[in-house]
Amino acid sequence: MNKPTVNMKLNLKHCDVLGIGFGPANIALAIALEELMPNANVKFLETRERSMWQPEMLIERSDIQNNPLRDLVTPRNPRSKYTFVNYLYEQDRLFEYLNLGIQFPLRKEYAHYIEWVANHFQHWVEYNQRVTLIEIINNENSVGFSYRVTTDSGKIYIAKALVVAPGRTPYIPPPFDKVNSDRICHLTKYLSHVKQWRQKPTCKKIAVIGSSQSAVELILDLSKKFLNAEIIGIIRNFGYRLKDTSPFTGEVYFPEFVNYYYHIDRESKDKINQDLRYTNYSSVDGDVLNELYLKIYEQKLDRDQKIFVKNNRLITDVSIRNEKIRLSIVEKNLKQVEEDEFDLVILATGFKNLGSRENEEAYPPILKHVESYLCMNDNGYLNINYDYSVDLLNEISLYAPLFLNGLCESSHGMGDAGSFSLLSLRSAIIVNGLKQKLKTSLNTSKEEVTIPFLQTVDK
Ligand SMILES: Cc1cc2nc3c(=O)[nH]c(=O)nc-3n(C[C@H](O)[C@H](O)[C@H](O)COP(=O)(O)OP(=O)(O)OC[C@H]3O[C@@H](n4cnc5c(N)ncnc54)[C@H](O)[C@@H]3O)c2cc1C
């Protein structure tokens, strides 16, 4: 472990809690810190120039997937000034919004809401700061450890505790992981990518890989943007699947479920994931699913079909030839192989969870420089405590706690990474963890925060 040099000291900024990333997870944490731990010296670092929620997927007319009341704060503190309802009120849009009679707001409106909340925390956030290095250092004048965090602009921060919330890593499945082409992009780059190709009349055939909500939204959007192009959805399954919206399985997004899931063994977790998978993954809301089906039907009626679905297909190889993406595609039941060429390929292939499988990663890549201190369990999973803190070797976690926010689906269940539903309650759990773990060094109340929903579940 290194000590900061004298030179570096000139640039050092100290704080109690340093948040990495300022997306919904850490914005919800900022609210919880302001409301529950007001004396803490807090800082957040964010790569982007301002707060933006999934900006590359702000597709026209797309709506959100969560009940809007399960926002950044309402389930924890419905009286907070940061609720979605108060946002509408302050924008003078409450009556107009209610008059829409919609169940789910437009994604662009929710993105505005998130940005509106984020803007209240300008004093805590430094934008245009991409964290490139996290190190553990010995404290200079006392026992114990701290974090030294460096950004791409060379700024250095010393923090007693870290809350890491960079969002999940996009999953690029094989064989796409071995090629590098500006004609292939993951959905997290969609809008800016498509903008550059939209001007080019040569874009005649586009593939969308995957069977998620995003995949269907992308097919519909591409068909509006590239009027003369063929759009081909390629999926492994028989068909795009309707999302499981049963209120019974929907209880997976209850706080009690987190407690239940956290305490069951890995095998049981895997089984329950399989059971509940279609509440959030590889499935599509009825409205967009029916819109797509009707659109294809109408195109057939007009003898002008432009959207096609290749089902039961596996992509076994990809290569780039004459500015085309060439895919080897196998019909997995008939075992027939076909070769096809595309001008663009969009990967709606999801994100990586923490774990040891092919589509998982052992730890968030941002922690690679502290890898040797991370405690892993026998199944190859990071040791994550119920309060989202990570176990570190050499008792480092006792002095310098590290929390993961928005990355813990493998330990805490379905609602933890891919959903807003539990963000606000999770923030309170993390604040409680921070209070307990920093109690010797912070001049703040050491009392645990009591939150009605959590009384029975956070033990
Ligand atoms: C297209 C799409 C639509 C979705 N729609 C919904 C929905 O309707 N409802 C729902 O419940 N969930 C939805 N989700 C799930 C989504 O993951 C969460 O809603 C939410 O975005 C998670 O917030 P987060 O803060 O954990 O991650 P992110 O939103 O990914 O935010 C992470 C932030 O960290 C920053 N960052 C990353 N690395 C660094 C670094 N090295 N240094 C500094 N900053 C960094 C990023 O710039 C980003 O701002 C959607 C996801 C996608 C992809």
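Note that ligands are numbered from 1 as they come in the structure, with each ligand's atoms numbered from 1 the same way.
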**Q.** Nearest-neighbour protein heavy atom for atom 42 (N) of ligand 1, which is reported as residue plus atom name and distance
**A.** V131 N, 2.9 Å
Q: May I ask you to establish whether R70 and Y253 are in a cation-pi arrangement, using a distance under 6.0 Å from NZ or CZ to the six-membered ring centre and at most 45° from the ring axis?
A: no
Q) Does an N or O anywhere in Q54 fall below 3.5 Å from an N or O of ligand 1? A) yes
(Q) Determine whether R357 and E360 satisfy the following criterion, salt bridge (charged side-chain N to carboxylate O under 4.0 Å, His left out), listing intermediate values before the conclusion. (A) CA-CA 5 Å; R357 300 191 182 117; E360 297 177 331; 3.7 Å; yes
Q) What orientation do Y110 and Y113 show, parallel under 30°, tilted 30 to 60°, or perpendicular over 60°? A) tilted
Q.
My understanding is that we take every heavy atom of each candidate and find the minimum distance to atom 7 (C) of ligand 1. Doing that for R107, R130, Q65, which one comes out nearest?
A. Q65
Q) Under a 4.0 Å N-O cut-off, is there an ion pair linking E35 with R76? A) yes
Q: If you have a sec, work out which protein heavy atom is nearest atom 9 (N) of ligand 1 and how many Å separate them, to one decimal?
A: N66 OD1, 2.9 Å
Q. Taking atom 6 (C) of ligand 1 as the point of reference, which of F351, W53, F44 owns the nearest heavy atom?
A. W53
Q.
Classify the ring geometry of H186 against F351: parallel below 30°, tilted from 30° to 60°, perpendicular beyond 60°.
A. perpendicular
Q: Write out the residue and atom name of the closest protein heavy atom to atom 14 (N) of ligand 1, then the distance separating them to 0.1 Å.
A: G418 O, 4.1 Å
Q: May I ask which of P166, A111, A417 has a heavy atom nearer to atom 38 (N) of ligand 1 than the others do?
A: P166
Q | ligand 1 versus T132: contacting region, heavy-atom distance under 4.0 Å | A | neither
Q) Under 3.5 Å between some N or O of ligand 1 and some N or O of M52? A) no
(Q) Only heavy atoms of M57, strictly under 4.0 Å: list the atoms of ligand 1 that pass. (A) 1 (C)
Q.
Show the nearest heavy-atom pair for residues K269 and Y262, with the distance to one decimal.
A. NZ-O, 3.1 Å
**Q.** Backbone of T83 reached by a side-chain donor or acceptor of S80 within 3.5 Å
**A.** no
Q) Hey, is ligand 1 close enough to P24 that some N/O pair sits below 3.5 Å? A) yes
Q) Looking only at protein heavy atoms, which one is nearest to atom 31 (O) of ligand 1, and how far off is it? A) G23 CA, 3.5 Å
Q.
Below the 3.5 angstrom mark, is there an N/O of I64, backbone or side chain, next to an N/O of ligand 1?
A. no
Q) Is the NZ atom of K205 crowded by more than 12 outside heavy atoms at less than 6.0 Å? A) yes
Q: Considering the heavy atoms of S419, write down every atom of ligand 1 situated less than 4.0 Å from one of them.
A: 10 (C), 11 (O), 12 (N)
Q. Between H412 and Y388, what is the ring plane arrangement, given parallel below 30°, perpendicular above 60°, and tilted in between?
A. parallel
Q: Could you see which bit of Y110 sits under 4.0 Å from ligand 1, with heavy atoms only: side chain, backbone, both or neither?
A: neither
Q. How far is atom 27 (O) of ligand 1 from its nearest protein heavy atom, and which residue and atom name does that atom have?
A. G167 CA, 3.5 Å
(Q) Give me the residue, atom name and distance of the protein heavy atom closest to atom 34 (O) of ligand 1. (A) G21 CA, 3.3 Å
Q. Backbone, side chain, both or neither: what part of A25 comes under 4.0 angstrom of ligand 1, heavy atoms only?
A. both
Q) Quick one: nearest non-hydrogen protein atom to atom 44 (N) of ligand 1, plus distance? A) T47 OG1, 3.0 Å
Q) Counting only heavy atoms, which portion of Q129 has something under 4.0 Å from ligand 1: side chain, backbone, both, or neither? A) backbone
Q: With heavy atoms of A165 as the reference, note each atom of ligand 1 found under 4.0 Å away.
A: 32 (C), 33 (C), 34 (O)
(Q) Would E46 count as a polar contact of ligand 1, with the cut-off being nitrogen or oxygen pairs under 3.5 Å? (A) yes
Q: List the atom of A25, the atom of L423, and the distance in Å for their closest heavy-atom pair.
A: CA-CD2, 3.6 Å
Q | Aromatic plane relationship, H120 with W116 - under 30° parallel, 30 to 60° tilted, over 60° perpendicular | A | perpendicular
Q | Residue pair V318 / I325: nearest heavy atoms and the distance that separates them | A | CG2-CG2, 3.7 Å
**Q.** Nearest non-hydrogen protein atom, atom 11 (O) of ligand 1
**A.** F420 N, 2.5 Å
Q) Salt bridge or not for R107 and E217, using N-O below 4.0 Å? A) yes
